[in-house]
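What you see below is based on every heavy atom in this structure, not just the backbone, and it leaves out hydrogens, waters and symmetry mates. To find a chain, count down the sequence lines: A is the first, B the second, and so on, and within it residues start at 1.
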2 protein chains.
Amino acid sequence: MSAVADAHDLTVRGDLSTGAVESTPEERVLEALQECVLRWGVQKTTVEDIARSAGMSRATVYRLFPGGKSSMVEAGALAMVTDLVDQVALAVAAATDLTGALTALLVVSSTILADDEMLNFLMEHEQSVVEAQLALGGLDRLLAAVGAGAGPALEPHLGDAARAQEAAVWAARTVASHLLDPADGVSLADPTAAHHLVTTYFLPGFAPGD
Amino acid sequence: MSAVADAHDLTVRGDLSTGAVESTPEERVLEALQECVLRWGVQKTTVEDIARSAGMSRATVYRLFPGGKSSMVEAGALAMVTDLVDQVALAVAAATDLTGALTALLVVSSTILADDEMLNFLMEHEQSVVEAQLALGGLDRLLAAVGAGAGPALEPHLGDAARAQEAAVWAARTVASHLLDPADGVSLADPTAAHHLVTTYFLPGFAPGD
DNA sequence: AATGAGACAAATCGGGTCGTATTGTTCCAT
DNA sequence: ATGGAACAATACGACCCGATTTGTCTCATT
């Protein structure tokens, strides 16, 4: 019923590292959306703009995304989150100890967000669009996604799956808080700052028993 | 120049615990503002409404608050924050150990916010007003105020003043995050949940050395 | 079978106007 | 020091209007 339920399969076909050699029509639409948004912003981008940019007719775009522009934006956001979670999970899994894992979680997610062209554009020119995505439990879903995606990678160092997920959500909440309110000169993308934060607030509570 | 700089002295004269026996004209205006807002919301409340409710003329209200309605709202918010910080500092100071102090900080602040009639009303009916106060570095100032107000009360258990303030700001950020996004069924107003959070994430990092 | 082109009503949006309510200031009487 | 009144300037809401956009549909094309 909700637009979220209509989310399409955004699985990439082809090798990401070598650029999109093969991509689904849905992906082409999302790429077109990104192009248009970076040029004119979300509000000024029309479905016709997207269709033209994607090299297909408006009718086809509507066939691919029956929900219209809003569903495309939602799908785009979902794709970004999915990518983010995947990369974070990868970085966390590569860590050898709990400190490194948590630090990686903070640094990688913060770095990705700080370097994301689309997100930076929206935060600067159309912050309301970002807020709209986060409202109505959007942040909850985001945090839950991070917990579900990065939690398991944290489990080897914590044993308990529930504790791992809790820690991941907690870290994600921290990143989100600092992202939406950069405030104090602390940047979690800085490995030193992140490490300090982890060793000060996170780590000790987990190490051995409760 | 800014409306903040025009903030008036809101010191209460008389005993708070026995109700306002004696109050300044400014306070009467702020009380009137609260009455009107709870009835009609911020947007629909006019200066004339406030003056009538305060039992004085519109001219007098403008003499007291040259900045108009916006400065009254700002002064009201400031008063609320001041009260909050004072009560939190009091509760923190009453704690005998670090665990109790941090837990009190979370529980008392969360409880006050959760029980605040005005804040609940605004969050439900005029969330944009709250957001407007938090934007433009408003949250930063709020966090700094908590750090400055409650930090010293934390110092006896931490020794270092800078560390105490850092911890207070961190806790405040946690409360703010959970307030703006209640999400996961965790309520920091619940002493058990707060205690769990403190012992898990906060405490261990501070106890002895670095 | 999938796509493009076009048509279509409905909804949305930006701009413009207008009358009213509110604002912020001022003067004067008490 | 306060209230009452007046005042211009402004903000606001309601309304209308034309243009754009949306979402759905049909039909021809490949």
[N] [atom2] sits how many Å from [X] [atom1], rounded?
X       : N      : atom1 : atom2 : value
B:Arg52 : C:dT23 : CZ    : C1'   : 15 Å
B:Phe65 : C:dT23 : CZ    : P     : 15 Å
A:Met72 : D:dT21 : CE    : C1'   : 12 Å
A:Leu64 : D:dG23 : CG    : C1'   : 15 Å
A:Arg28 : C:dA2  : CZ    : C1'   : 13 Å
A:Asp49 : D:dT21 : CG    : C1'   : 10 Å
B:Gln43 : C:dT22 : CD    : P     : 14 Å
A:Lys69 : D:dT20 : NZ    : P     : 16 Å

Among the nucleotides C:dT23, C:dG14, D:dG23, whichever has the atom closest to the side chain of A:Tyr62 is D:dG23
If you round to the nearest 0.5 Å, how far is [atom2] of [Y] from [atom1] of [X]?
X        : Y        : atom1 : atom2 : answer
B:Ile50  : B:Leu64  : CD1   : CG    : 11.5 Å
B:Glu131 : B:Glu126 : CD    : CD    : 12.0 Å
A:Gln43  : A:Lys69  : CD    : NZ    : 7.5 Å
A:Trp40  : A:Glu35  : CH2   : CD    : 9.0 Å
A:Leu106 : A:Leu188 : CG    : CG    : 5.5 Å
B:Met80  : B:Leu113 : CE    : CG    : 5.0 Å

Between B:Ala91 and B:Ala104, the two heavy atoms sitting closest are O-CB, 4.1 Å
Closest non-hydrogen atoms of A:Ala167 and A:Leu158, given as atom of the first, atom of the second and distance, are CB-CD1, 4.2 Å
Restricting both atoms to N or O, compile the protein contacts to nucleotides 4-8 of chain C shorter than 3.5 Å, with distance only.
{"residue": "C:dG4", "atom": "OP2", "partner": "A:Ser57", "partner atom": "N", "Å": "3.2"}
{"residue": "C:dG4", "atom": "OP2", "partner": "A:Ser57", "partner atom": "OG", "Å": "3.3"}
{"residue": "C:dG4", "atom": "OP2", "partner": "A:Thr60", "partner atom": "OG1", "Å": "2.4"}
{"residue": "C:dG4", "atom": "O6", "partner": "A:Arg63", "partner atom": "NH2", "Å": "3.0"}
{"residue": "C:dA7", "atom": "N6", "partner": "A:Arg58", "partner atom": "NH2", "Å": "3.4"}

Next on the checklist: For A:His195, I'd like to know if atom NE2 has over 12 heavy atoms of other residues, nucleotides or ligands within 6.0 Å.
Outcome noted: no
Per-helix bend value, the helix from C:dA1-D:dT30 to C:dT30-D:dA1, C1' rotation axes over five pairs per end, 10° rounding, shows 50°
